[in-house]
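Beneath this line is the structure, given in structure tokens, with notes to follow.
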Amino acid sequence: MQVIEGMLAGEGMRVGIVASRFNSAIVEHLVDGAADTLRRHGVGDADITLVWAPGAFELPVLALELAETGAVDAVVCLGAVIRGATDHYAYVAGEAAKGVADVARSTRVPVIFGILTTDTIEQAVERAGTKAGNKGADCALSAIEAVNVLREIRRLAKP
């Protein structure tokens with residue numbers, strides 16, 4: 001049996017981070033965690049591209065444009081959607097999630113969903129580098145692993 005699994009080696013990898021400015025106090029910590037993790041795993045600073053989006057709703061279209069350039073091997077989408085008193089949360093969170101998944105499927109580039117969807121600001125803070133770790137860092141690891149897995153799968157087709 002042949003087993004394919006990803007490694008956490010990012011040397012030579014190019015990664016885009018598309019991040020939402022909305023809730024920037026949270027998102028900046030996610031970006032810092034992602035960038036730090038990418039660097040620690042061998043991705044060169046010059047190979048990390050950061051794109052700022054107005055909000056989480058705009059993340060998919062910017063991720064699509066970046067993925068389609070061929071300039072990156074993976075895209076990490078980072079944002080924070082915090083439940084409020086209106087239905088706005090459900091629409092933004094749902095469409096952002098659907099959009100990120102659609103980009104990954106249509107481009108065949110790993111597009112990682114790192115958009116926090118929390119009930120409270122405290123929960124978001126916990127996931128941006130305090131009690132619950134840093135989800136930006138977790139997503140960076142997922143990007144590296146997914147790129148390496150895809151590279152191995154694509155090697156199967158080559159004689």
Side-chain angles (χ1 to χ4, degrees), residues 1-20 26-53 55-81 90 92-118 123-159:
M1 169 174 40
Q2 184 174 2
V3 177
I4 298 174
E5 52 188 336
M7 299 177 338
L8 295 177
E11 292 84 8
M13 216 173 269
R14 301 163 303 159
V15 179
I17 299 171
V18 182
S20 168
I26 302 297
V27 179
E28 287 174 5
H29 290 285
L30 298 174
V31 170
D32 290 346
D36 180 62
T37 298
L38 291 170
R39 289 182 194 108
R40 287 176 185 262
H41 286 83
V43 179
D45 197 53
D47 293 322
I48 302 169
T49 301
L50 174 60
V51 177
W52 285 103
F57 194 83
E58 293 80 20
L59 292 173
V61 70
L62 297 177
L64 176 64
E65 194 70 23
L66 186 57
E68 285 183 340
T69 67
V72 295
D73 299 302
V75 178
V76 177
C77 294
L78 300 175
V81 182
V92 172
E95 287 303 312
K98 181 179 179 290
V100 167
D102 288 347
V103 172
R105 281 191 295 270
S106 69
T107 63
R108 296 174 50 190
V109 169
V111 182
I112 311 302
F113 184 79
I115 303 168
L116 303 179
T117 55
T118 63
Q123 291 171 336
V125 168
E126 288 175 2
R127 288 158 180 77
T130 61
K131 287 187 203 176
N134 185 303
K135 298 307 173 191
D138 295 346
C139 289
L141 290 175
S142 294
I144 292 169
E145 185 173 0
V147 168
N148 284 319
V149 167
L150 276 176
R151 286 177 176 170
E152 290 302 311
I153 290 170
R154 289 173 180 157
R155 282 192 185 105
L156 293 176
K158 296 180 180 171

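Here the structure is a predicted model, which means the values were calculated and not measured.
- Of the inter-residue distances, the one linking R14 atom CZ with I48 atom CD1 reads 13.0 Å to the nearest 0.5 angstrom.
- Side-chain atoms of R105 and V111, non-hydrogen and from C-beta on, never get closer than 4.5 Å to each other.
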Discussion item. Please evaluate residues I112 and V75 with respect to the criterion side-chain contact (heavy atoms from CB on, under 4.5 Å), reporting the C-alpha separation (whole Å), side-chain torsions for both, the decisive distance (0.1 Å), and the verdict.
Written reply: CA-CA 6 Å; I112 311 302; V75 178; over 6 Å; no
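- Here D32 pairs with nothing under the salt bridge (charged side-chain N to carboxylate O under 4.0 Å, His left out) rule; sequence neighbours left out.
- Under the 4.5 Å side-chain criterion, counting only non-hydrogen atoms from C-beta, V15 is not in contact with D73.
- Here the side chains of L141 and L8 are in contact, with some heavy-atom distance below 4.5 Å.
- Using a 4.5 Å cut-off on side-chain heavy atoms (C-beta onward), V149 and I4 make contact.
- V103 pairs in a side chain to side chain contact (heavy atoms under 4.5 Å, CB included) with only one of the listed residues (V109, V61, L64, L59), which is L64.
- Using modelled atom types, no side-chain atom of D45 and backbone atom of R39 make a donor-acceptor pair closer than 3.5 Å.
- Annotation for F113: atom CZ counts as buried by contact number, over 12 foreign heavy atoms lying within 6.0 Å.
- Every residue two or more places apart in sequence or in another chain was checked for a salt bridge (charged side-chain N to carboxylate O under 4.0 Å, His left out) with E95, and none qualifies.
- In terms of the salt bridge (charged side-chain N to carboxylate O under 4.0 Å, His left out) criterion, residue partners of D138 (sequence neighbours excluded) are, by chain and number, K135.
- The two atoms that bring G114 and C139 nearest to each other are CA-SG, 3.4 Å, heavy atoms only.
- Applying the salt bridge (Lys or Arg N to Asp or Glu O under 4.0 Å) test to residues at least two apart or on different chains, none of the pairs has a partner in residues 57-66.
- If you take OG on S20 and CG on L30, they are separated by 10.0 Å, rounding to the nearest 0.5 Å.
- Scored by the side chain to side chain contact (heavy atoms under 4.5 Å, CB included) test, T118 finds I82, L116, Q123, A124, R127 as partners (sequence neighbours excluded).
- Of all non-hydrogen atoms in A80 and V27, the two that sit nearest each other are N-CG2, 3.7 Å.
- Contact of the L78 side chain with the I115 side chain is not registered, since no non-hydrogen atoms from C-beta on lie closer than 4.5 Å.
- Residue E11 places its CD atom among more than 12 non-hydrogen atoms of other residues, nucleotides or ligands, all under 6.0 Å distant.
- In this structure a side-chain-to-backbone donor-acceptor pair under 3.5 Å is missing from D47 to V43.
- Looking at T130, its side chain does come within 3.5 Å of a backbone N or O of V125 through a donor-acceptor pair.
- The two residues V72 and A67 have their closest heavy-atom pair at CG2-CA, 4.3 Å.
- In this structure the side chain of V51 never reaches within 4.5 angstrom of the side chain of I17, judged on heavy atoms.
- Residues V18 and L66 meet the side-chain proximity criterion, which asks for heavy atoms closer than 4.5 Å.
- Residues V3 and M1 form a side-chain contact, since some pair of their non-hydrogen atoms from C-beta on lies under 4.5 Å apart.
- Within 6.0 Å of atom CZ in R151, more than 12 heavy atoms from other residues, nucleotides or ligands are found, so the atom counts as buried in its surroundings.
- When all heavy atoms are compared, the tightest approach of A56 to A96 is O-CB, 3.7 Å.
- The distance from atom NE2 of H41 to atom CE of M7, rounded to the nearest 0.5 Å, is 11.5 Å.
- The salt bridge (charged side-chain N to carboxylate O under 4.0 Å, His left out) search around R108 returns none, not counting sequence neighbours.
- Pairing each heavy atom of T117 with each of A93, the nearest pair is CG2-CB, 3.8 Å.
- Scanning all heavy atoms of the two residues, the minimum distance from A19 to L50 falls at CB-CD1, 4.2 Å.
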